[in-house]
Amino acid sequence: MAQKKTLQRLWRLREMEEEQSRLQLERLVTDRNRLQGRLESALSRKLRVRQDFITSVQGSDRPGRSGAAIEMKLAGEKAAALVPLLKAAERELVRGRDAYLQRRTQRRQVETLLVNARRAAETELGRRTQQILDDWYGRKAQIPRASADTPASWEAAAAVDNEGEVAGEQK
């Protein structure tokens with residue numbers, strides 16, 4: 001019984017660790033997605049500014065062309081700065097996923113031990129119950145019965161009540 005309680009405590013601990021690991025993984029996914037969105041935004045801005053630059057080159061909008069060139073450079077720098085951050089976030093996400101899967105495996109291993117302990121306890125209970133029944137029937141068979149199954153003994157037993165009086169006669 002103490003082993004089962006210990007396993008149940010360990011299972012609860014593993015379950016909490018798995019839950020924390022899952023929440024950490026969700027946070028890492030959110031961070032990676034946020035960085036991915038920022039990178040995509042910077043790249044789309046760079047593309048949009050490039051289109052503006054091409055339009056200003058075809059026209060005679062010199063200040064627009066210089067502004068577009070500066071914006072294009074800034075968007076490129078921002079995208080270049082986000083790429084290493086995104087790669088680091090993806091590496092961290094892989095580590096977090098591995099940690100979560102390891103915690104889940106540990107919890108499932110303890111669950112398996114708990115199920116096996118429960119089955120062993122049920123088997124032991126069944127074995128003990130059967131042993132008690134076997135002992136009871138064994139003791140019952142050892143009690144000598146003086147032809148208790150014959151009709152003559154039934155009549156004699158009916159004639160004498162608990163106090164030794166003969167049935168039908170009153171003192």
Practice problem: For Thr105 and Leu101, indicate whether the former's side chain and the latter's backbone hold a donor-acceptor pair under 3.5 Å. | Solution: yes
Practice problem: Side-chain contact test, heavy atoms from C-beta onward, threshold under 4.5 Å: evaluate it for Thr30 versus Arg27 and give yes or no. | Solution: no
Quiz item: Would Leu47 end up clustered with Phe53 when hydrophobic side chains under 4.5 Å apart are linked, directly or stepwise?
Solution: no
Exercise. Using a 4.5 Å cut-off on heavy atoms from C-beta on, say whether the side chain of Leu86 contacts that of Glu90.
Key: yes
Quiz prompt | Over all atoms of both residues, closest heavy-atom pair of Ala75 and Ala42 | solution = CB-O, 3.8 Å
Quiz prompt | Charged N-O contact under 4.0 Å between Glu122 and Arg119 | solution = no
Quiz item: Looking at side-chain heavy atoms only, is the closest gap between Arg107 and Arg103 below 4.5 Å?
Solution: no
Exercise. Determine the minimum heavy-atom distance between Leu25 and Gly96, stating which atoms define it.
Key: CD1-C, 3.8 Å
Quiz item: Is there side-chain contact between Arg48 and Ser44, with heavy atoms separated by less than 4.5 Å?
Solution: yes
Quiz prompt | Qualifying residue for side-chain hydrogen bond (donor to acceptor under 3.5 Å, both in side chains) with Gln36, from Glu40, Arg32, Arg38 | solution = Glu40
Quiz item: Around Arg127, counting heavy atoms of other residues, nucleotides and ligands shown, do more than 12 lie under 6.0 Å from its CZ?
Solution: yes
Self-check item: Shortest non-hydrogen separation from Ala79 to Leu43 and the atoms involved
Solution: CB-CD2, 3.7 Å
Quiz prompt | Nearest-0.5 Å distance, CG of residue Leu133 to OH of residue Tyr137 | solution = 6.5 Å
Quiz item: Is any side-chain heavy atom of Arg104 less than 4.5 Å from a side-chain heavy atom of Arg22?
Solution: no
Which side-chain N or O atoms in residues 10-17 pair as donor and acceptor under 3.5 Å with protein atoms at least two apart or in another chain?
| from | atom 1 | to | atom 2 | distance (Å) |
| --- | --- | --- | --- | --- |
| Trp11 | NE1 | Glu111 | OE2 | 3.1 |
| Arg14 | NH1 | Glu17 | OE1 | 3.3 |

Quiz item: Rounded to the nearest 0.5 Å, what separation is found between the OG atom of Ser66 and the CD atom of Glu71?
Solution: 11.5 Å
Practice problem: Starting at OH of Tyr100, measure out to CD of Gln24 and round the result to the nearest 0.5 Å. | Solution: 13.5 Å
Practice problem: Find the distance between CG (Asp134) and OG1 (Thr129) and round it off to the nearest 0.5 Å. | Solution: 10.5 Å
Quiz prompt | CG-CZ distance between Leu85 and Arg34, expressed to the nearest 0.5 angstrom | solution = 9.0 Å
Quiz prompt | Nearest atoms (heavy-atom pairs only) where Gly76 meets Lys46 | solution = CA-CD, 3.9 Å
Quiz prompt | 4.5 Å side-chain heavy-atom contact, Leu93 and Asp31 | solution = no
Quiz item: With side chains defined as the heavy atoms from C-beta onward, is the minimum distance between Arg118 and Leu114 less than 4.5 Å?
Solution: no
Quiz item: Of the non-hydrogen atoms in Ala68 and Val49, which two are nearest, and what is the gap between them?
Solution: O-CG1, 2.9 Å
Quiz prompt | Gap between atom NZ of Lys78 and atom OG of Ser41 - 0.5 Å precision | solution = 6.0 Å
